[in-house]
Enquirer: 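My questions will all concern the structure given below.
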Amino acid sequence: MADSSTCHHDRAFLSCTIVANAPIHTVPGEGLVTEMQVSWEGPVPQPGQFFMLRLERSGVLLGRPISVLGYRNGLVSFMIAERGKGSRELVTARAGEAIELSGPLGNTWPVPPLGDGPIALVGGGIGIAPLIYLSERLPPGSFHFYGGFRSKPYGLEGFPPESLTLASEDGSVGYRGRIPDVFNPAGFRAVYACGPTPMLKRIAEVCGQAPCYISLEERMACGVGACLGCTVRTTRGNRRCCVDGPIFPAAEVLFDA
Amino acid sequence: MADSSTCHHDRAFLSCTIVANAPIHTVPGEGLVTEMQVSWEGPVPQPGQFFMLRLERSGVLLGRPISVLGYRNGLVSFMIAERGKGSRELVTARAGEAIELSGPLGNTWPVPPLGDGPIALVGGGIGIAPLIYLSERLPPGSFHFYGGFRSKPYGLEGFPPESLTLASEDGSVGYRGRIPDVFNPAGFRAVYACGPTPMLKRIAEVCGQAPCYISLEERMACGVGACLGCTVRTTRGNRRCCVDGPIFPAAEVLFDA
Amino acid sequence: MHNNNIQPDLSVQIAGITFKNPVIAASGTFGYGQEYAGLIDVSRLGGICTKGLTLHPREGNRGRRLHETASGLMNSIGLENPGIPAFIEQELPAMLELGPRVIANLSGSTVEEYQEGARLLSATGIDMIELNISCPNVKAGGMAFGLCPADAATVVQAVRRVCDKPLMVKLSPNAPDLVGVALACINAGADALSLVNTFKALAFDIRRRTPIFDHVTAGLSGPAIKPLALRMVWDVCAAVQVPVVGMGGIASTEDALEFFMAGATAIQIGTATFSRPSTMIDIIEGLEQYMETERISHLSELSLQDRE
Amino acid sequence: MHNNNIQPDLSVQIAGITFKNPVIAASGTFGYGQEYAGLIDVSRLGGICTKGLTLHPREGNRGRRLHETASGLMNSIGLENPGIPAFIEQELPAMLELGPRVIANLSGSTVEEYQEGARLLSATGIDMIELNISCPNVKAGGMAFGLCPADAATVVQAVRRVCDKPLMVKLSPNAPDLVGVALACINAGADALSLVNTFKALAFDIRRRTPIFDHVTAGLSGPAIKPLALRMVWDVCAAVQVPVVGMGGIASTEDALEFFMAGATAIQIGTATFSRPSTMIDIIEGLEQYMETERISHLSELSLQDRE
Ligand SMILES: Cc1cc2nc3c(=O)[nH]c(=O)nc-3n(C[C@H](O)[C@H](O)[C@H](O)COP(=O)(O)OP(=O)(O)OC[C@H]3O[C@@H](n4cnc5c(N)ncnc54)[C@H](O)[C@@H]3O)c2cc1C
Ligand SMILES: Cc1cc2nc3c(=O)[nH]c(=O)nc-3n(C[C@H](O)[C@H](O)[C@H](O)COP(=O)(O)OP(=O)(O)OC[C@H]3O[C@@H](n4cnc5c(N)ncnc54)[C@H](O)[C@@H]3O)c2cc1C
Ligand SMILES: Cc1cc2nc3c(=O)[nH]c(=O)nc-3n(C[C@H](O)[C@H](O)[C@H](O)COP(=O)(O)O)c2cc1C
Ligand SMILES: Cc1cc2nc3c(=O)[nH]c(=O)nc-3n(C[C@H](O)[C@H](O)[C@H](O)COP(=O)(O)O)c2cc1C
Ligand code: FES
Ligand code: FES
């Protein structure tokens, strides 16, 4: 916690307005996925960072951590999947509604190490969001995107097919199965992954000591390192997912601890 | 409570949709007043009755009692004033949102007694709503509407000026002052009143033993007579505002008890 | 694994009485069973507890009686009721026609009053007495008895002597030694326990600068208290062998499942019915569906208590 | 009536220390004071309590640490902290620069550990010690001391002997005899009291069919508990003469006013800061505005307690 005394003036808490919130995916039984745009006059977020989002009229207590999907001209965008009560509120919110944002929070994807070969972006479901924002900063053709979905894919329409490998659990697109079944880190300069913890664990295993960075999800209350609720156990001891992460070197994370 | 065994199959609990919710009054500092239309496939409400309203996504615990403003072809309408958190939620809800309704609840305005003279409808602020619905059932020209407001009036545009007496506390319309200052029951066959309790108390006083019915407001939890939370003290003992009322003969109400 | 073709059996036994399902309307929130007719199909409930009854009629408390808080409801009704004789004559006959088990919630300010009330109720068609030693809203309204094991034992013993009906005792979350009270009640003859009643709470009127309620404190119920109630049900279930009926803030099937995991045999639902009248019906259907999906033949399988 | 041209004075005195306003960040919810920098102007707060400190570093609890309930938050952090020597070296210097009063929240599993921690903290620039005898989340983490008057007295007395700083004792709402503990703490030398810490609560994971938390129970905070906390603050204020710092679910100026009406001298805010980081600033401004509008020259005028 020695770093908790760092100054963080590159962030803000602001009451903002939802500019748009459009469904991009609606598989019955799986819940809604929307892309939300929010006016944001605070500091520019970097790929890998997230915000805490809470509607002004919220029926839940805590903000929800959501990764930045993109940013342009005072508009920050998010890709939000419906899971429980808090995310349901967010996906069903409407343009014009007031929303409170804290952020940008957390660390950023590290600069890729020097070397040969493309970079692998490995996203599971809604985990593609922070990788999409990262991909905008990478030279075209310098990365390959692996996307794993339960059923139909979403959010990856903008990528040229030759840079995409898709998998789906029900076989409705690409490989039938999970991304770790088809992903091989060999030949990649570095691996950047985000998705459900079991997926990240398997990615971390296949990557071994090769450069691999994973963005982890933990329940959060404060999002700023104050509550110690989002602990990640690592080879270097307890780390807070919200400020020491959410991105960690895969080899440092103790998954079963 | 002998009447609690009455069968009430003339009511329902239904999940409905807000069809429209338009501001009709917005004085800064006074809060918003809207007219809300909700699809309603249940029994037809009668003048004086109310519903318990709660948004499906509500951030408050309890439904809020709101009088029926009108009903036509499966659409029930309400006039809602912003006061606290619950009513704020209702006035800011949007068309298309899901809302849960229990009703119609409570008793109705009694049929006017036989006799001469017009009927007086006396409404204070949002209290005009159940009187507007009542007026639809009265022959044109058979009533005079007294409307008291804090400032600018609202909701009474449809009434011919000769049938209206307005008062406002700030003098912005009609008499400067409160309705009980200008209202005289003499010459009226009966008086029907709804509004803030202090106003009703004064109306009840000036009416004495003349036929006067008042619609009372009490905090409610169940709205159906089950919780005994909405007690009104009357000359006939405790009555439940939600099922024994909300309309009571003015002479029976013990205001200071 | 259980046979997945069997229709889930939601019935539960409490003190020899079979409830067709474990969902019971909580005392004071469901009148005498008729009030919600038309809004929901009352006949589908497992049971209904009456509003708290006392031997003599009571007017209840003056002043404000309800106050909403964050996910909670404070009430200070003060046991308004027509008295047991009037209840038996005017309310009970129709209540017995409804179908659900009828549980009479009994209060009193003296041991004798409890005893006399129990005697009268015993001679009727009710299925069970729920002895309320936990109402926080009247000066001498029972909670005093529920706060210490010895007092609880006294009133339970006295009632047990004159009561042929199954006897469930409703515990107060305000008792400093809840498990002690629970054990004392069982030793004194309780067949079952129910908990929790409301928590002693306070609210002020900012404008008038007075307490909201004439009696200053009032009882808190609703979703806000669920994590506290669940902990207490867990503690009591761990200590006793009799059936425990759990309640406090239950508003969804998920909430209900948590109480069964804590070891409850059945549940009661109060405040959530106010929020959404269909809550109990939704939970009955939700439990049925959960049992089918998870292939559970009886809800008692969910208990995480190590009970023989 | 008071002079309405005077700028409202929000300052309060606790044990000889002047706080520029009565709004204090609650322990465990505001780190060591730096974490919210950038989101709010931390320098405007009246005071900041550190995360619970122990003599030796602690890793905290395993497994899930947070769970949201209806208007409530359950936590099982388990007093993760770098230990008092590391705190003094690495965190305190910057914290003392911030402006708000610095209150060190002190925990321990033995009287000796408390004592040694207090000794070290006494030699620093902190303004006050808040003795945490009420953490429900670690086996030997203080709550045991806070549950009974005699144990509370023992640890307060021991700390008092070695502590030159003003000593505030933080009480547990889980104490069966809260007022008894409060009085025992004062007799043992406490200069002030703060309450409440979190309520012992339980939640289950429906999917995995296990308790959510490794330690089964966890501490409940947030708006859900406000009516309960307020009642306890009222009870304690009625019984003691020392300043009482009230907390538990405060999320708005209206909530804050209720605690001043209950007799609190100052307030702490925890969970609400998570919901809306500006809560404490909004309340400082809201109180100021309220005092102006209502022409109140000091918040103590709001107290409804009959205190000399
Ligand atoms: C750094 C970070 C970035 C993130 N980025 C994104 C993003 O870009 N987009 C996005 O959509 N999400 C993102 N998430 C995840 C998102 O924050 C969560 O989905 C959200 O907080 C869930 O909140 P909820 O209220 O909807 O669900 P919750 O109610 O918290 O429930 C979450 C899941 O747990 C289950 N659950 C809840 N209670 C129980 C119980 N008692 N027992 C068993 N199961 C239970 C729910 O059913 C649901 O499946 C991110 C998370 C982190 C930490
Ligand atoms: C039969 C009936 C019919 C009704 N019909 C209508 C209708 O047609 N239209 C309509 O708009 N309304 C109607 N009402 C009134 C409506 O139900 C209330 O305005 C509404 O329930 C208020 O809820 P709320 O959550 O907005 O306000 P609340 O939060 O309940 O507050 C109401 C008022 O009390 C104040 N308050 C809240 N808490 C405190 C406190 N601790 N101390 C001091 N003051 C406090 C608030 O600031 C506010 O001014 C009716 C009521 C009844 C009983
Ligand atoms: C308005 C109201 C009245 C109540 N009256 C009684 C009563 O008469 N007797 C009793 O034993 N409990 C009474 N209770 C307590 C409930 O039966 C129940 O124990 C408590 O509300 C907790 O459950 P809940 O959170 O589901 O409401 C009352 C509760 C409320 C809200
Ligand atoms: C995540 C979290 C951690 C906490 N850690 C501590 C602690 O270390 N020491 C302590 O005395 N109280 C601790 N508390 C209790 C708070 O200081 C406060 O007493 C309690 O949360 C009630 O206030 P609130 O409802 O405003 O949050 C913690 C609370 C939370 C939510
Ligand atoms: S969420 Fe509070 S420390 Fe990370
Ligand atoms: S609101 Fe429950 S009895 Fe009237």
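Throughout, a chain's letter reflects where its sequence line sits, starting with A, and its residues are numbered from 1.
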Enquirer: Determine, step by step, whether A:C16 and A:S39 satisfy the side chain to side chain contact (heavy atoms under 4.5 Å, CB included) criterion, reporting the C-alpha distance in whole Å, the side-chain angles of both residues, the deciding distance to 0.1 Å, and the verdict.
Expert: CA-CA 6 Å; A:C16 309; A:S39 66; 4.0 Å; yes
Enquirer: Given side chain to side chain contact (heavy atoms under 4.5 Å, CB included), test B:S102 with B:V224 step by step and report yes or no.
Expert: CA-CA 9 Å; B:S102 300; B:V224 299; 5.8 Å; no
Enquirer: Has the side chain of A:N21 got a donor or acceptor atom that lies under 3.5 Å from a matching backbone atom of A:A93?
Expert: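 Between the backbone of A:A93 and the side chain of A:N21 there is a qualifying donor-acceptor contact (under 3.5 Å).
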Enquirer: Can any side-chain N or O of A:Q49 pair as donor or acceptor with the backbone N or O of A:T108 at less than 3.5 Å?
Expert: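 The answer is no, because no donor-acceptor pair under 3.5 Å joins these two groups.
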Enquirer: Which residues in residues 64-90 of chain B have a heavy atom less than 4.5 Å from any heavy atom of chain A?
Expert: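 Residues qualifying by a heavy atom under 4.5 Å from chain A are absent, so none.
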Enquirer: Without swapping roles, check the side chain of B:Y146 against the backbone of B:G124 for a donor-acceptor pair under 3.5 Å.
Expert: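 Side chain of B:Y146 to backbone of B:G124, a donor-acceptor pair under 3.5 Å: no, none is there.
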Enquirer: Within the supplied structure, the quantity of interest is the number of heavy atoms (other residues, nucleotides, ligands) at a distance under 6.0 Å from B:E157 CD; does it exceed 12?
Expert: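 Count over threshold, so yes.
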